[in-house]
Amino acid sequence: MNRQPVVALIGATAVGKTALSISIAEKLKAEIISVDSRQVYRYMDIGTDKISLSFRREIPHHMIDIADPDEKFTVSDFAEKTSQTVRRIIERDKIPLFVGGTPFYYNALFHASLNSELPSDENVREKYETLANSQGAELLHMRLEQVDPVSAERLHKNDVKRVTRALEIFDLTGKAASEIFKTGEKRDYGFDVLYIGLSRPREELFSRIAIRLEEEFSSGFPEEVEWLLKNGFDERFNPLKGLGYRELIEYHRGKLKLNEALEASISRTKAFCRRQQTWFKKFSPAVWFDVSESNHEAEILNLIQRHLNGEDVSQ
RNA sequence: GGUGGAAUGGCCGAGUGGUCAAUGGCAACAGACUGUAAAUCUGUCGACGGGAGUCUACCAUGGUUCAAAUCCAUGUUCCACCA
């Protein structure tokens, strides 16, 4: 099978992906695919650091503003929709440029990590989460041990979400999730990705995170969350549990002062930044550039061209 | 000047004779990740050592005791109240 070469610009939050992506996309005449689990939602603009509309008129951006915050939108949706979008871009003789910081989504898109057939059912899920709440996480884990000991072994008993999901899969299919993972068919979208990683010393990353959040907090982020709440988009919906959103909801509910919400948001974003880096370490092939001194644009453009021409550039 | 209270590991903070290298939280660091992923979860966290363990630690000094972060004395600093 002939794999389609594509390029993804990765890196931790606030490293400077967006700025560079615009410049590169202009020179390459590329269209940008946002790989960002929160930018897919409408009305969540400031807190997700979404690119401005004026830029979006210059360069087409995909996978932004495609769902409402109370809508279910999953990795699977992302991967399916993105792969179709990319096919269309390529048919138009344009170049897709992946840009974003959601490692899990890259994993689904480029590493054939998802199984083809995996059902899900809100009701079953809710049933188990309720059970965990009333009877404790341990009980849930013990149940899993009975139907799917391999998954139970792998999953920590406190990880209620994953234990729930494993039980959900068993209920819906009658088969152990671990078994399906092992033997089932994977979704391979046929891409041959080259990751271009942008990095900075962590200290610098952390201070950029703080600066960015301070700016967002003083330029409309609290009001954005107020608007969302007023329109019924609250913490019941997962997107609103995101960085800054969760904290600003607590601010609007009077549980946190504004500066406390800011501090908490900064802390949680730093933790997220570390998690992203843990994922990215395993992404390959990848070429990393420290962009704290220079943005390495010329080198990056060159690498991209070569990879798209089918050369092996992963050194 | 008087009276009362407090000083604990990077920070906050529990501990009031042995089971204490010291609960917990934060920060920091490492990690897991199959349709919620900016979600969810785990581990490490005084120093040296692979480990058994050894050493240094709860403001300072001295003391009581088989044994002190915990008791006593003195000193230092801080807080509160009264002058």
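A note on names: the letters A, B, ... follow the listed sequences, proteins ahead of strands, and every chain is numbered from 1. Note that these values count all heavy atoms, side chains included, but never hydrogens, waters or copies made by symmetry.
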Could you check whether the rings of A:His296 and A:Phe289 sit parallel, tilted or perpendicular, using 30° and 60° as the cut-offs? tilted

Which part of the nucleic acid, if any, lies within reach of A:Ser113 when heavy atoms closer than 4.0 Å are counted: base, sugar-phosphate only, or nothing? base

Under 3.5 Å, is there a donor-acceptor pair linking the side chains of A:Arg202 and A:Gln277? yes

Check the distance between B:U34's P and A:Ile180's CD1 and give it to me in whole angstrom. 13 Å

At under 4.0 Å between heavy atoms, what does A:Arg202 touch on the DNA or RNA strands: base, sugar-phosphate, or nothing? sugar-phosphate

Output field dot_bracket for RNA chain B (Watson-Crick or G-U, both distances under 3.5 Å, | for other-strand pairs) contains ((((((((.[[[..)..(.....]]].(((((.......))))).(((....)))...[[[[[..)....]]]]]))))))).

Any N or O donor-acceptor pair under 3.5 Å from the base of B:C33 to the side chain of A:Arg162? yes

Run the side-chain contact (heavy atoms from CB on, under 4.5 Å) check on A:Asp36 and A:Val40 step by step: do they pass? CA-CA 7 Å; A:Asp36 188 302; A:Val40 299; over 6 Å; no

Would you kindly give the CG-to-C1' distance between A:Asn133 and B:U40, to the nearest whole Å? 14 Å

Once you apply a heavy-atom cut-off of 4.0 Å, does A:Phe78 come out as touching a base, just sugar-phosphate, or nothing? nothing

Let me see the working for A:Val150 and A:Phe181 under side-chain contact (heavy atoms from CB on, under 4.5 Å), right down to the final yes or no. CA-CA 11 Å; A:Val150 177; A:Phe181 291 167; over 6 Å; no

So what does A:Asn115 touch, heavy atoms closer than 4.0 Å: a base, only the sugar-phosphate, or nothing? base

Gap in Å between the two C1' atoms, one belonging to B:G5 and one to B:U16, rounded: 15 Å

A:Glu235 atom CD, over 12 foreign heavy atoms within 6.0 Å: yes

Whether the A:Ser83 and A:Arg187 side chains hold a donor-acceptor pair (N or O, under 3.5 Å, no angle test) is what I'd like checked. no

Please work out if A:Arg154 contacts a base, only the sugar-phosphate, or nothing of the nucleic acid, heavy-atom cut-off 4.0 Å. sugar-phosphate

What's the gap between B:U19 and B:A83 when it is taken at their C1' atoms, as a whole Å value? 49 Å

Could you work out the separation of B:C82 and B:U61 based on their C1' atoms and round it to a whole Å? 32 Å

Separation of the C1' atoms in B:A67 and B:G18, to the nearest angstrom: 6 Å

Whole-Å distance between B:U40 C1' and A:Asn107 CG? 16 Å

Mark yes when over 12 heavy atoms from residues, nucleotides or ligands other than A:Phe55 sit less than 6.0 Å from its CZ; otherwise mark no. no

Between B:A57 and B:G63, how far is it from one P atom to the other, in whole Å? 16 Å

Can you check whether A:Gly11's main-chain N or O pairs, donor with acceptor, with A:Lys17's side chain at less than 3.5 Å? yes

Reckon A:Tyr106 touches a base, only the sugar-phosphate, or nothing at all at heavy-atom distances under 4.0 Å? nothing

Among the nucleotides B:U36, B:U40, B:G35, whichever has the atom closest to the side chain of A:Lys72 is B:U36

Indicate, yes or no, whether a donor-acceptor pair under 3.5 Å links the base of B:G35 to the side chain of A:Ser76. yes

Under a 90° cut-off about 0 for the syn range, is B:G35 syn or anti? syn

Separation of B:A37 atom P from A:Met63 atom CE, nearest Å, is 12 Å

Could one point to a donor on the side chain of A:Lys241 or the base of B:U36 with an acceptor on the other under 3.5 Å away? no

Span that lies between the C1' atom of B:G10 and that of B:C45, in whole angstrom: 11 Å

Atom P, compared across B:G17 and B:G13: separation rounded to whole Å: 22 Å

Within the structure shown, what part of the strands sits under 4.0 Å from A:Gly47 by heavy-atom distance: base, sugar-phosphate, or nothing? base

Base, sugar-phosphate, or nothing for A:Ser178, non-hydrogen atoms under 4.0 angstrom? nothing

What is the distance, to the nearest angstrom, from the CG atom on A:Asp159 to the P atom on B:C41? 7 Å

Separation between the P atoms of B:C26 and B:C72, rounded to whole Å: 35 Å

Within the 4.0 Å heavy-atom criterion, would you say A:Asp36 contacts the bases, only the backbone, or no part of the nucleic acid? base

Residue whose nearest RNA chain B nucleotide is more 5′ - A:Leu114 or A:Asn158: A:Leu114

Just N and O in the side chain of A:Arg187: are any of them under 4.0 Å from OP1 or OP2 of B:U34? no

Over 60° means perpendicular and under 30° means parallel, so classify the ring planes of A:Phe110 and A:Tyr195, tilted if in between. perpendicular

Less than 3.5 Å apart, any donor N or O on the side chain of A:Arg208 or A:Thr13 sitting next to an acceptor on the other? no

In whole Å, I'd like the distance from the CZ atom of A:Phe73 to the P atom of B:A39. 17 Å

Has A:Phe104 got its ring stacked on the base of B:C33, with centres under 5.5 Å and planes less than 30° apart? no

Can you list, in residue-number order, the parts of residues 264-282 of chain A that come under 4.0 Å of RNA chain B, counting heavy atoms only? A:Ser267, A:Arg268, A:Lys270, A:Phe272, A:Arg274, A:Arg275, A:Thr278, A:Trp279, A:Lys281, A:Lys282

A:Arg38 vs B:A37: side-chain N/O to OP1/OP2 distance below 4.0 Å: yes

Just by modelled atom types, is the A:Ser113 backbone N or O under 3.5 Å from a matching donor or acceptor in the A:His111 side chain? no

Base, sugar-phosphate, or nothing: which does A:Glu235 touch, judged by heavy atoms less than 4.0 Å apart? nothing

Can you tell whether the side chains of A:Glu247 and A:Arg268 come within less than 4.0 Å, N to carboxylate O? yes

Could you pull out every donor-acceptor pair under 3.5 Å between side chains of residues 159-172 of chain A and any protein atom, sequence neighbours left out?
residue, atom, partner, partner atom, Å
A:Asp159, OD2, A:Arg162, NH1, 2.6
A:Thr164, OG1, A:Val160, O, 2.6
A:Arg165, NE, A:Glu168, OE1, 3.1
A:Arg165, NH2, A:Pro119, O, 2.4
A:Glu168, OE1, A:Arg125, NE, 3.1
A:Glu168, OE1, A:Arg125, NH2, 3.4
A:Glu168, OE2, A:Asp121, N, 2.7
A:Asp171, OD1, A:Tyr128, OH, 3.0
A:Asp171, OD2, A:Lys127, NZ, 3.2
A:Asp171, OD2, A:Tyr128, OH, 3.0

What's the CG-P distance between A:Leu172 and B:U34, to the nearest Å? 17 Å

Using atom NZ of A:Lys161 as one end and atom C1' of B:U36 as the other, report the distance to the nearest whole Å. 6 Å

